[in-house]
Amino acid sequence: MNTEPFVSFNNIAKRWNGQLGVENISIDIPEGAFVALLGPSGCGKSTTLRLLAGLENPDTGQITIEGTDVTEMAPSARNLSMVFQSYALFPHLSVAENVMFGMKVRKVPKDERLAKLANALKITGLTGYEERKPGELSGGQRQRVALARAIVAGQPLCLMDEPLSNLDAKLRHSVRKDIKKLQKELGMTVVYVTHDQTEAMSMADIIVLMKDGHIMQTGSPQQLYSEPKNTFAAEFIGAPPMALIEGGVIQGTESTSQVGIRTEHIQLVESGQGRLSCTVSESEYLGEETHVLLDHPRAKGLVVKLHGYNSLQEGTTVDISFEDSALHFFDGNGNRMN
Ligand code: ADP
Ligand code: MG
């Protein structure tokens, strides 16, 4: 088995006129993996992707693809395809012409072009749309044309920068599944930029969580959810985010700065039987459950999930309880202690 990473970032840094883009970026990506670069706007996701594509050059560090140092190589020499948020389709060309554009430039023979086109349109559910112009397609269909174009490129590595953010919620959900299925079927290695933790959690094998140009945690979705390395990861991953309680508020946690707990580990208990007394600030009815948001002067993000419809009066005092084993401990720098 090949244990060499397929893509490797080795201590990459990029600045513009001294202003930080990204720093200390080291990532190993196995062949066939789906990697999500996740984080808030401006944290350096696109910069990281553009460095891999060769659209930016790093100030320091190396990037390798299949063991070859590509740091100084032109984008066209890196054997990768890209899909952007803005589709980047030619409005005056048909779907077929858009998908085949790159192949035409590379002088791929016509028979081969048409065969690859038919296959890519079939995979993306666009058969029959060959002659349409982008203006005659929905957002989801346009994004699938961009995907089809990446597929016909036949490259082993595909980079995607927020490809679904122009789509409405329902479409986003279905195209998300299409992309994941395609990636598996074609055995592609995908590096996917998103600010949406749900998207990253549901699609990725590996999540690289970023903040202010730095990597905060790299790991599987389960690792980031159940063992956040810091309070940033604890609050960024999960809906609702992990609740954080000041150290010492819960007996026995005096040596910690903050204590984290996830909503599924919090129970409402009889008055006087709990470990923490809170007041109800809001109830959000979501259909199969109700999220009850709780206030405590030394905690944030406390939520209890109740089954079905459940309206607790705002201002009501409630007691909550939880097991010690469900607690996450963080130090004064916000780093995980347990
Ligand atoms: P993200 O994709 O996570 O929203 P970016 O990678 O686009 O973030 O940007 C990261 C940081 O680098 C931001 O502070 C941004 O302003 C800065 N940046 C990105 N591209 C350039 C550029 N060409 N010139 C100067 N600063 C840039
Ligand atoms: Mg971006």
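Order of appearance sets the numbers: ligands from 1, and atoms from 1 within every ligand.
Considering only non-hydrogen protein atoms, atom 13 (C) of ligand 1 sits nearest to Gly42 O, 3.8 Å. Of the protein's non-hydrogen atoms, Gln19 NE2, 4.6 Å is the one closest to atom 16 (O) of ligand 1. Ser46 CB, 3.8 Å is the protein heavy atom nearest to atom 7 (O) of ligand 1. What sits closest to atom 18 (N) of ligand 1 on the protein, heavy atoms only, is Trp16 CZ3, 3.2 Å.
The aromatic rings of His92 and Phe90 sit perpendicular to each other, their planes meeting at more than 60°, with 30° as the lower class boundary. Between Tyr192 and Phe34, the ring planes lie tilted relative to each other; the angle falls in the 30° to 60° range.
Ion pairing between a basic and an acidic side chain is recognised when a charged N comes within 4.0 Å of a carboxylate O; Lys300 and Glu235 show such pairing. Classification of Lys116 and Asp111 as a salt-bridged pair fails, no side-chain N sitting under 4.0 Å from a carboxylate O. Residues Glu97 and Lys104 are not paired through a salt bridge, judged by the lack of any N-O separation under 4.0 Å between the basic side chain and the carboxylate.
Sorted by chain and number, the protein atoms of type N, O or S within less than 2.8 Å of the Mg ion (ligand 2) are Ser46 OG.
When each atom of ligand 1 is checked for a heavy atom of Gly21 under 4.0 Å away, the hits are 12 (O). Close approach of ligand 1 to Ser41 is summarised as follows: ligand atoms under 4.0 Å from at least one heavy atom of the residue are 4 (O).
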**Message:** Leu268 vs Leu306, test: side chain to side chain contact (heavy atoms under 4.5 Å, CB included). Steps then yes/no.
**Reply:** CA-CA 9 Å; Leu268 277 188; Leu306 300 178; 4.0 Å; yes
**Item:** Worked check of side chain to side chain contact (heavy atoms under 4.5 Å, CB included) between Val190 and Val35
**Value:** CA-CA 6 Å; Val190 169; Val35 175; over 6 Å; no
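Residue contact annotation: Cys43 has a non-hydrogen atom under 4.0 Å from ligand 1.
Checked by distance only, ligand 1 and Gly44 come closer than 3.5 Å through their nitrogen or oxygen atoms. At a 3.5 angstrom cut-off on N or O pairs, Lys45 counts as close to ligand 1. Taking any N or O of Thr47, backbone or side chain, at least one lies under 3.5 Å from an N or O belonging to ligand 1.
Using a 4.0 Å threshold on non-hydrogen atoms, atom 23 (N) of ligand 1 counts as touching the protein.
Contact of the Val191 side chain with the Leu157 side chain is registered, since non-hydrogen atoms from C-beta on lie closer than 4.5 Å.
Neither Leu244 nor Phe236 shares a network with the other; the hydrophobic side chains, linked directly or stepwise wherever heavy atoms of I, L, V, M, F, W or Y lie under 4.5 Å apart, form separate groups for each.
The cationic atom of Arg262 (NZ for Lys, CZ for Arg) lies less than 6.0 Å from the six-membered ring centre of Tyr225 and within 45° of the ring axis.
Residue His214 comes nearest to Leu20 through the heavy atom pair CE1-CD2, 3.8 Å, listed as atom of the first residue, atom of the second, then distance.
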